[in-house]
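Structure first, then comments.
These figures come from a predicted structure and were not determined experimentally. In what follows, every chain begins at residue 1, and chains take the letters A, B, ... in the order their sequences are listed.
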Amino acid sequence: MALLEIRNLHARVEEKEILKGVNLTVNPGEIHAIMGPNGSGKSTLASVLAGREDYEVTEGEVLYDGKNLLEMDPDERAREGLFMAFQYPVELPGVNMATFLREALKAIREHRGLPPLSPAEFMKLLKEKAALVGLDPSLKQRSVNEGFSGGEKKRSEIFQLALLEPRLAILDETDSGLDIDALRAVANGVNKLRAPDRAFVIITHYQRLLNYIVPDYVHVMVDGRIVRSGDKNLALELEEKGYDWIKEEVGLVA
Amino acid sequence: MTTTLTATTTRPEDRFLHAFEAYAGEVLNGTSEHLATLRRKAIERFSALGFPGRKSEAWKYTPIAKALQHPYKIDPMPAVPTLNEASLAAYAIPELDAYRVVLVNGRFVPELSAGSDLPEGVVLTSLETAAREHADLFEKYFAYYLDFENEPFLALNTAFARDGFFLYVPEGAALERPVHVLNLIDTSEELFLQPRHVVAVAPGATLKLIASGHSQSNARTFTNSVMEVFVGQGAEVHQYDLRLEGDRASSIYTTQAYLEGGARYTNGTLTLGGALVRNNVQVRFNDQEGEAHLYGLFLGRGTMHIDNHTMIDHAVPNCVSNELYKGILDDQATGVFNGKVLVRPHAQKTNAYQSNKSIVLTREARMYSKPELEIYADDVRCTHGAACGQLDENGIFYLRTRGLTLQQARAMMLLAFARDVLDQITIEPLRAYLDALVAARVGA
Ligand SMILES: Nc1ncnc2c1ncn2[C@@H]1O[C@H](COP(=O)(O)OP(=O)(O)OP(=O)(O)O)[C@@H](O)[C@H]1O
Ligand SMILES: [Mg+2]
C-alpha cells in the first residue's frame, strides 16, 4: 500500500484557489522531489498535508497509510508519523528547545506504544541526533528557533526529524539559505535517515541538493498542479532550461 | 450634620467616618500620640477626598465605588481564629528556608512568627508593638513620606492603622534568609481589613521579602493594605508579593517604596487569585544612582478583575527604572495596566523602561493598557511598549506538528510567556513554586 496517496487535491485560501488538482503517490522508502516556480503552491501543498487550518480543501482526498489524512488534527498526523520541516520555522521565545522536544518525543513514543525515555537516555539521544546534522548542541538549551541563524533553523528542523523518526518527512526548501557545508550536513543527515519504511518529499528550487540526496522521482508543480514527473534527470533539465518550456507545454504561457 | 437620612447616610464614606468616631476613643487611640495626631489628619483628608467616583481617571477601568457599596464590617481589631502549624503548612513554599511572619485578618500573630532567631538589631514585630517599644524607629518611618493627602485609600488606611507588621533591618546587616509574610484571611464575617506594614532597610543592608496572601475561609472580604518600604543608601531590597486569595476576596494593595542614593529595589507582584485586585506600586527616587525593577504577572480567570497601577517618580537625576508586566486573561476576566513614569525637570540622565504584554484568550476577556510618560527633563532615555493579543497561532501549529496536543501546545506557549517574568525571581524556591502554580493554571 502507498504511504501517501493524493488524489485530485484542490485547496484554497480566502477565496483564492491555490491547489488545482494535485495527484501524487509516495511509497515507503521513496524520495520524491517537488520543484516549481515561486508561488506555484508547493508550500501550500506541504501545509495542507501538515494540517494548517488556513487552507480549505475543496475537492479531492489524501490517504495516509490508507487512512483519511484530512480528517486528522495536525498533532494526530505527527503522532502517526508525518513530519514537516518548515520553510520558515517559527521562533518561540521562552519555549525551551529540550523541554519541547522531550514532550514531543514522549507524545510520539507513547502513540507507538513505547515507554518514555529516562532523562539521561533522552539527553544522550539529543546529543547523538545533533551530531548527525552538525547542530551546535548548545542550541538545545535555547528557546525554540529564537535567534537561530537561518542555517541553524534549517539544521534544527532536520535534527527534529532525526529525533522524531517519522514515516513520511516533508522538507520545504530546507536547502535554501544554507552554506555549502550546512547543505552537505543536512543532506548527509537525510541520507542517514533513509530507510525502507520511511519516505521523503523534498521541495527545492535547486538541483544542487539533489546531487547529495538522489531522488527516485522529480515532479514539477506549476499553478497548483503537478504537470510533469520524471527521474533525477528532470531536475538537471530544469536547471538548464528553466520553467518556461514546461509552462508552454502545459498551456500556461509565461 | 442634618438629620435627613437616605442619600447622605448611604454613602459608603459615611460608614467609615462613623466607624472612625466609634473606634477613635479606645481601639484607635491607645498606641501613641504621634499616631493619634496622624489619624485625625488622615480621616479629615479622607472625608474631604471621598472614594474615587466614576469620573476618576485613576480608577477608570476599575469599578471601585460599586465594589464599596457592599456593607463590609469595619473592624480595626477583627477576631483572630486559632491556627496550628498543620493549617499553615498548606501555604509554605517548599524548600524555602525563611523567617516566617503570620498575619491573620491583618493582625500580627507573634506565636506563629519568627522572633528570637533573628540577627541582632533586626526588629520584626507588630505595628502596634513597634509604636510602643520602638517609638524612635516607628515615628521616623511610619507615614513619613506617605502621600495620603491625595489618595483616599491611603488616608483611610492611615486613619485606621492598628495592626500589621513592622520590619527594620539595621545598617549594613544582610538577612541571608528571606522573610516570608503569610497574610491569611480567616473569617466568617464580611470584613473590611486595613493592615498597615512598614519595612525599613537601613543603609547598606539587604532584605528579601516575600508576602503571600491566602484565603482560609470563603466569606466576602475587602482589604485595603498599605506597605511603606524604605531602602536606605546603598541598600538592596527584593520584594515579591503573591496574591493567591480566593475568589471572594477583593483588595487594594499599595506599596510605596522610597529609595535613597544607590539603593536597589526589586518588586515582583504576582496575581493569581482574588476577585477585584488592585495593585499600586509606587517608587520614588529620593537620591541619585537608585535602581528599581518592577515585575508583574497576572493571570485572570472567571470574572476576576486585576488592575496594576505603577508609578515611578524620577525626582532626581541618574536613576534607572525598569518595568515588565505581563498578563494572561481567560474567561470573562479583565486586566488593567497603567504605568506612570514621571521624570521631573532636574532628573537628567534618567533611564526608564517599561513594557506591558498581555494575552487575551477569549472574546469576553478584556485588557486595558495605558502607559503614561511624563517627561520634563531633556537628557533622558525612556522607552515603553504595550502589546496585547492572542496566542500566536503559528507557534501553536508548529508545536502541534511535532505531536503535542492543542492543550499541550497552548500550555507550553502560555508558560513560556509567563516565564519571562518568573525567571526574574532570584529566590530559587520561590521561582520554582510559582512556576509550578502557573504551569498548573495554564494546564501544563
Ligand atoms: N495564507 C495565505 N493567504 C493568502 N495567499 C496565500 C496564503 N498562502 C499562500 N498564498 C498564495 O498562494 C500562492 C502559492 O504560495 P506557496 O507559498 O504555496 O508557493 P510556493 O510554491 O511554496 O512558492 P515559493 O517557491 O516562493 O516558496 C502564492 O500566490 C501565495 O501568495
Ligand atoms: Mg514555498
Write out the donor-acceptor pairs between chain A and chain B under 3.5 angstrom, atom names and distance to 0.1.
residue, atom, partner, partner atom, Å
A/Arg52, NH1, B/Asn394, OD1, 2.8
A/Asp75, OD1, B/Arg400, NE, 2.9
A/Asp75, OD1, B/Arg400, NH2, 2.8
A/Arg79, NH1, B/Gly403, O, 3.0
A/Met84, O, B/Arg402, NH1, 2.7
A/Met84, O, B/Arg402, NH2, 3.1
A/Asn145, ND2, B/Tyr398, OH, 3.4
A/Glu157, OE1, B/Arg402, NH2, 2.8
A/Glu157, OE2, B/Tyr398, OH, 2.4
A/Glu157, OE2, B/Arg402, NH2, 3.4
A/Gln160, OE1, B/Arg402, NE, 2.7
A/Gln160, NE2, B/Tyr398, OH, 3.0

Check: A/Phe100 and B/Leu404 side chains under 4.5 Å, non-hydrogen atoms: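 Answer yes - side chains close enough.
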Distance-minimising heavy-atom pair for B/Ala416 and A/Pro93: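 What the structure gives for the nearest pair is CB-O, 3.6 Å.
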Non-hydrogen atoms of B/Gly403 and A/Ala78 that approach each other most closely: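 That closest heavy-atom pairing would be N-CB, 3.3 Å.
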